[in-house]
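To start, the structure itself, in structure tokens.
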Amino acid sequence: MKIRKVDTFPLLYRLPKPYGDANGMKRFRASYLIKIEADSGECGWGECVDSLGTLQITFRERIIPFLIGKPVADRRKLAQTVKKIHSRSASAVSMALAEITASYAGVHITDLWGGRYRDNVPIYASFQSYSEEHDWQKQSVLAVKKAAASGFNAFKVKIGGKSFQEDIRHINAIQDALSDHMFLALDANQSYDLAAASLWRSIMEKQSGFLWLEEPLQIKYAAEYGMLRQRLPVPLAGGENIESFADYIPLLTQRSVDYITPDPLHVAGIDEYRETLSMARAFGIRATPHTYDGALTRLYALFAQACLEPFSKMKPETIEPVEWDVMDNPFTQLIPIQPSNSEITLPYGAGIGLEIDQELLSYYLWDGSSYE
Ligand code: MG
């Protein structure tokens, strides 16, 4: 079975109301999907992230000519070569070829991977808390309340982009709005140093219900993460931008974090992503995926979590939650699955077990105009 055709779908949505985190405001959301067709007739979808223009040129001029005629079964080898051409494109190729293989065999991706431990995977509502509105704190608390009312029991909000006092007021207001059985993760997007991150200790000692503190420091400071882990009474999480399986080793061997947060879009394909999860298990460290930049990627992260052995025997917390983007982003609707009680029930069926919304795909197709 060989690759016959590759189509690309660059998607863009300009945000009417920008939102953001410690890294600044987002003014658009983008998504880049590919569809690979095999000479047997099976098709598979993939997703990757970068500037849409860079991806269009790289696929058209380098990646598609390389892929045409290559065996679908060589998924790992092809993803490794594509990574050398353009590192973040490997994930799209890897997903699409995995789907074709599963569809050809008439099984679900999770069957291809050895089967599921569970059909339901927990998720948490992920927010970009900052906006350009003067009442951003009030808006943020309302958004969290709305998600709680719709059934979510776990949430992630942003810190690190405002003054310490402003962030504390915001977090206290959210904690006051949540009930006892709800959990909150804080994400600083690598904005502090060790001394500034340690200031959160007094807040965290006073309140319970923190899921984790995400990326308080630059992720390259594995030793400092280890020190902070001793100082703070909440788990530490990080690693969403790490691009290689091997680059997680310092965090794992130095016991720097309680959770690694790999992103299937950032490592060299879905197979390497799954190996990263297994490596975390081997070190006794939890793995909760970062999946903010794509609904198909998020679906693959859910599949991988369904196939991952439990991290403990403690019920019901046997598997780490997956990030669920609840912000204004039409691309989250590309995959027709809906949360219920902070969980996703995964589909069965050959391949990925559902159809991508192609009308939505056509509607948001990028016209090539400048947006960055
Ligand atoms: Mg993060």
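Counting starts at 1 for both ligands and their atoms, in listed order. Since this is a predicted model, take the numbers as computed values, not measurements.
The distance from the Mg ion (ligand 1) to the nearest N/O/S atom of Asp21 is not under 2.8 Å. With 2.8 Å as the limit, Asp187 counts as an N, O or S neighbour of the Mg ion (ligand 1).
A salt bridge does not link Glu309 to Arg281: none of the charged side-chain nitrogens sits closer than 4.0 Å to a carboxylate oxygen. Contact check on Asp271 versus Arg75 returns a salt bridge, with a Lys/Arg side-chain nitrogen under 4.0 Å from an Asp/Glu carboxylate oxygen. Ion pairing of Asp325 with Arg29 is present here, as a side-chain N (NZ or NE/NH1/NH2) and a carboxylate O approach within less than 4.0 Å.
Atom OE2 is the N, O or S atom of Glu214 at the shortest distance from the Mg ion (ligand 1). Within Glu240, OE1 is the N, O or S atom that lies nearest to the Mg ion (ligand 1).
When only modelled atom types and interatomic distance are considered, Asp119 and Thr345 share no side-chain donor-acceptor pair under 3.5 Å.
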